[in-house]
Protein chains: 2
Amino acid sequence: MMADSDSPPPTDEPPGQVNPEFADVLKLFTVLSRAHASLMQKSKEDVARHGLTPAEFAVLEVLYHRGPLLQGDIQSRILASSGGITYLVDRLAERGLVERRESPEDRRARYAALTAQGIAFMDRIFPEHARCLARSSAALSPGEQRQAIELLKALGKGARDAPPCSDAP
Amino acid sequence: MMADSDSPPPTDEPPGQVNPEFADVLKLFTVLSRAHASLMQKSKEDVARHGLTPAEFAVLEVLYHRGPLLQGDIQSRILASSGGITYLVDRLAERGLVERRESPEDRRARYAALTAQGIAFMDRIFPEHARCLARSSAALSPGEQRQAIELLKALGKGARDAPPCSDAP
DNA sequence: ACCTGTTATCTTAGCATTGAGACATTGATG
DNA sequence: CATCAATGTCTCAATGCTAAGATAACAGGT
């Protein structure tokens, strides 16, 4: 299969050829998106059984594992907008799973914390959820999983730190 | 609802400890989500410069590289809902980048195809975009990228094929 | 021809999420 | 003090997206 010279194709069937230099990066982004979508789908179905969205579950999870947190800290950890946090905490508070607490030293700031009911709820559903993810990730051996973790950690950090694409050489 | 009637002491400690057995899977899901979010953010900013959402760009990209496609095929490739495809193709058609074509042998089906203008548009912006992703993924060497591709391919396929978490042992 | 089930797209309603701005508080600087 | 920028949360309108149902066309069997 060789590249044909060049033909300004009529509007009918013109695949743009991928420059081989970029083939791997594009592929990487594709499989990354697909893998994420697949796992997220499983996770979503699982938490939906308890009437939660993934974002709501993410809030509960981070509070479950780290204790009360300033809403801004939750925001940076689960990657949501500030308005989104307000909305999420509102909904979870209505269910009695989370409560807001004032900060003693900064009256602008509010903590969000699991209620006793919220803790009990997570005690019940979190282990199931962890098993769900484990089963969904079982195609990778424990060693491969650790390998993937290291690669993805570096990839994520690199992408976060990379300069905006708008100012490119 | 002020209610600090009997809240737990201010010095709470994290309620839920992670079972070490599941530590790696949870970590994997986290770094996968973060890496995806970081790269997606870069990609989003890049295509936003041309007034496109990531989903719109995904449609253009798949048509650019594979030629005219049944809308259902686009749907499965970019992982959107059927209604989403209608909406996306509508918007792209309004801009003159994409057009619908009837299928000769199945009158239910419609093809979506890039217009000449759409092709010219992609000729112009796609290489930039590929460079953007390449720069954002540069934390991984080419070898590491290929390694990550293989791992993520297996992970994604495994998660897609895994049975629903609801029927667990 | 006539059902029955399946496939492909479109329609509609609803929702979670974002983004921009408002408001209050804090801390630094003069 | 007084001022001004920075910070933390909340409000609100806009929007992209999904899920479910509606519509239409195909395919197979009887």
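Because the structure is predicted, anything quoted here is derived from the model rather than measured. Numbered from 1 within each chain, the chains take letters A, B, ... in sequence-line order.
Candidate nucleotides C/dT11, C/dT17, C/dT18 were compared by shortest atom distance to the side chain of A/Thr53, and C/dT17 ranks first. Residue A/Ala80 places its side chain closer to C/dT18 than to any other of D/dT9, C/dT18, D/dA19. Looking at the side chain of B/Leu70, the nearest of the listed nucleotides C/dT9, C/dA16, D/dC17 is C/dT9. Of the candidates C/dT26, D/dC26, C/dT9, the closest approach to any side-chain atom of A/Asp106 belongs to C/dT26. Distance from the side chain of B/Thr86 is smallest to C/dC10 among D/dC17, C/dC10, D/dT11. In this structure, the nucleotide among D/dG8, D/dC10, D/dG16 sitting nearest to the side chain of A/Ala109 is D/dG8.
Between A/Tyr87 and C/dT17 there is no side-chain N or O to OP1 or OP2 distance below 4.0 Å. Between A/Arg100 and D/dC10 there is a side-chain polar atom (N or O) within less than 4.0 angstrom of OP1 or OP2.
If you take CG of A/Leu92 and P of C/dA16, they are 11 Å apart, rounded to a whole angstrom. The CG atom of B/Leu79 sits 16 Å away from the C1' atom of D/dA19 (whole-angstrom rounding). B/Glu102 has its CD atom 12 Å from the P atom of C/dT9, to the nearest Å. Put simply, CD on A/Gln41 is 14 Å from C1' on D/dC17, counting in whole angstrom units. Following rounding to the nearest Å, A/Arg101 (CZ) and D/dT9 (P) show an atom-to-atom distance of 15 Å. Between B/Ile78 atom CD1 and D/dG16 atom P the separation is 14 Å, expressed in whole Å. Atom CG in B/Leu52 sits roughly 16 Å away from atom P in D/dT15 (whole-Å rounding). One interatomic measurement links the two molecules: CE of B/Met40 to C1' of D/dC17, which rounds to 14 Å at whole-angstrom precision.
B/Asp90 and B/Arg100 are joined by a salt bridge, as a carboxylate oxygen and a charged side-chain nitrogen come within less than 4.0 angstrom of each other. A salt bridge does not link B/Glu144 to B/Arg146: none of the charged nitrogens lies less than 4.0 Å from a carboxylate oxygen.
Nucleic acid contact class of A/Gly83 (heavy atoms, under 4.0 Å, all strands): base. A/Ile85 comes within 4.0 angstrom of no nucleic acid atom, judged by non-hydrogen atoms across all strands. Base engagement by A/Gly84 is indicated by at least one non-hydrogen atom pair under 4.0 Å involving a base atom.
Mapped onto DNA chain C by nearest heavy atom, A/Arg107 and A/Glu56 fall at different nucleotides, with A/Glu56 at the one closer to the 5' end. In terms of position on DNA chain D, the residue among A/Gln75 and B/Arg91 whose nearest nucleotide sits closer to the 5' end is A/Gln75. Mapped onto DNA chain C by nearest heavy atom, A/Glu105 and A/Ser81 fall at different nucleotides, with A/Ser81 at the one closer to the 5' end. Nearer the 5' end of DNA chain D, as judged by each residue's closest nucleotide, is the contact made by A/Asp90, out of A/Asp90 and B/Arg108.
Under the 3.5 Å distance criterion, the side-chain polar atoms of A/Gln145 are matched with a main-chain donor or acceptor of A/Ser137. Here the side chain of B/Lys42 pairs a donor or acceptor atom with the backbone of A/Ala162 at under 3.5 angstrom.
Using a 30° and 60° split on the angle between ring planes, A/Phe57 and A/His129 fall in the tilted class, from 30° to 60°.
Judged purely by distance below 3.5 Å, without hydrogens or angles, the side chains of B/Gln75 and B/Gln71 never pair a donor atom with an acceptor atom.
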